[in-house]
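These figures come from a predicted structure and were not determined experimentally. Counting starts at 1 for both ligands and their atoms, in listed order.
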Amino acid sequence: MKNIVVVGAGTMGNGIAHVFAQQGFNVALTDQNKQQLDRAAATIKKNLERLRDKEKIDTNLLTASLDRLVFTTEPANYYKNADLVLEAVSENLQVKKIVFEQFSKLTPTTCLLASNTSSISINILANFTDRQDKVVGMHFFNPVPIMPLVEIIKGDATSEETLTTIKALATQLGKTGILANDAPGFVANRVLLPMINEAIRTLGENVSDVAGIDAVMKLGMGHPMGPLQLADFIGLDVCLSILEVLYDGLKKPHYQPHPILIEMVQAGHLGVKSGRGFYAYTNDPKNPEVAYKNHP
Ligand code: CAA
């Protein structure tokens with residue numbers, strides 16, 4: 001496996017492109033939005049420089065990694081030679097359908113088709129393609145360059161050969177691949193999102209404020225970020241769409257998105273990426289101030 005195409009240059013897409021390039025793969029990162037691609041290129045360079053400054057990689061590897069990356073709005077030629085294509089577009093089934101239909105048309109039949117979806121069914125995505133045995137979930141975690149997990153999702157038709165290749169690939173990327181079957185939210189988000197939703201409900205019922213809830217989970221449970229800061233970090237729109245998939249699929253009340261989350265997304269408060277969520281990220285993004293005030 002040598003040539004990778006990553007589709008979608010948002011937070012996850014740029015992190016995924018980064019780790020593949022750093023581990024020696026040729027990567028074409030593609031997005032319809034040129035500005036998004038420019039931002040991704042700048043972010044990858046900054047993150048590689050950060051790793052170089054911490055002496056986790058040397059300057060040669062930094063330069064070689066950047067040389068292995070192409071940023072393009074015209075991926076057709078890269079699809080032709082791809083060994084693996086991986087989509088990291090928005091969590092929207094219609095958008096993913098278009099991408100997977102293109103994968104079928106434009107890549108060689110030997111090419112594996114992966115999705116970084118955080119909750120959408122791999123079986124549904126496989127149905128949009130001409131090779132269900134080669135469709136697999138490769139779910140990375142933010143920040144991709146440092147989080148060691150890849151959740152590997154097996155659809156009903158995913159072949160053992162595909163799973164073995166993807167598991168070995170995760171190892172090659174310096175990550176641990178953990179296998180999950182196709183079910184709403186897989187393992188990670190089925191367990192994580194109810195906690196975030198419950199933290200929002202706890203806030204809504206004035207049990208404590210944003211800082212208090214996050215401090216309890218950081219200091220009491222050893223979480224690196226409290227659930228409300230983590231929600232901002234993931235993106236409140238992403239949290240909402242994952243909860244919608246979970247609620248739709250599992251019909252349990254604790255997956256029903258809390259109204260505060262829905263209102264914040266409708267107001268455009270999406271967390272870190274929009275500059276404001278439960279916290280405001282405009283002044284010092286590393287030490288954000290609480291933006292959502294509820295407590296009497
Ligand atoms: N690229 C490269 N390195 C990075 C990085 C990036 N994007 N972001 C952080 N780092 C490195 C830093 O350089 C630092 O390295 P050293 O340990 O060598 O100093 C290290 O990571 C820690 O970073 P910071 O010192 O800047 O900050 P921190 O200690 O507060 O850690 C954090 C930041 C790693 C993000 C930590 O807060 C954390 O682990 N948070 C939880 C993240 C999490 O849960 N992610 C999963 C979200 S769920 C998801 O992504 C999937 C989904 O489907 C929703």
Parallel, tilted or perpendicular, as decided by the 30° and 60° cut-offs, for the rings of F100 and F103: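 It falls in the perpendicular class, over 60°.
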side-chain contact (heavy atoms from CB on, under 4.5 Å) evaluation trace for V150 with I178: CA-CA 6 Å; V150 180; I178 302 288; over 6 Å; no
Full working for side-chain contact (heavy atoms from CB on, under 4.5 Å) between M1 and L84: CA-CA 7 Å; M1 197 164 284; L84 168 75; 3.8 Å; yes
Which segment of L230 sits under 4.0 Å of ligand 1 when only heavy atoms are counted: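 For L230, the contact with ligand 1 is made by the side chain alone.
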Side chain, backbone, both or neither: N189 near ligand 1, heavy atoms under 4.0 Å: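 The answer is the side chain.
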Among all protein non-hydrogen atoms, which one is nearest to [atom], and what is the separation to 0.1 Å?
atom: atom 39 (O) of ligand 1; answer: P224 CG, 3.6 Å
atom: atom 19 (O) of ligand 1; answer: K54 NZ, 2.6 Å
atom: atom 45 (N) of ligand 1; answer: N142 O, 2.7 Å
atom: atom 18 (O) of ligand 1; answer: K56 NZ, 2.6 Å
atom: atom 54 (C) of ligand 1; answer: I234 CG2, 3.5 Å
atom: atom 5 (C) of ligand 1; answer: R50 NH2, 3.4 Å
atom: atom 51 (C) of ligand 1; answer: F141 CD2, 3.4 Å

Heavy atoms from other residues, nucleotides or ligands near CD of Q32 exceed 12 (cutoff 6.0 Å):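 No, not enclosed.
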Could you tell me whether the side chains of [X] and [Y] share a donor-acceptor contact shorter than 3.5 Å?
X: S119; Y: N189; value: no
X: E87; Y: N116; value: no
X: T162; Y: T165; value: no

Within 4.0 Å of [atom] (strictly less), any protein heavy atom?
atom: atom 34 (C) of ligand 1; value: yes
atom: atom 28 (P) of ligand 1; value: no
atom: atom 22 (C) of ligand 1; value: no

Check: F20 ring centre within less than 6.0 Å of F25 ring centre: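 Ring centroids of F20 and F25 are less than 6.0 Å from each other.
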Those residues that, when tested against T30, pass side chain to side chain donor-acceptor pair (under 3.5 Å) (two or more places apart):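 In terms of side chain to side chain donor-acceptor pair (under 3.5 Å), with neighbours along the sequence ignored, T30 is linked to no residue.
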Summary of salt bridge (Lys or Arg N to Asp or Glu O under 4.0 Å) pairs that have at least one residue in residues 101-129, sequence neighbours excluded: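 For residues 101-129, and leaving out neighbouring residues, the salt bridge (Lys or Arg N to Asp or Glu O under 4.0 Å) pairs sorted by first residue read K97-E101.
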So, does [X] sit close enough to ligand 1 that a heavy atom of it is under 4.0 Å from the ligand?
X: H18; result: no
X: I146; result: yes
X: H139; result: yes

Cluster link M217 to F278, ILVMFWY, side chain under 4.5 Å: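 They do share one cluster, since a chain of ILVMFWY contacts under 4.5 Å joins M217 to F278.
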For P145, atoms of ligand 1 separated by under 4.0 Å from a heavy atom: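 This gives 1 (N), 2 (C) as the contact atoms.
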Per-atom contacts, ligand 1 versus K286 - under 4.0 Å to a heavy atom: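 What qualifies from ligand 1 is 24 (P), 25 (O), 26 (O), 27 (O).
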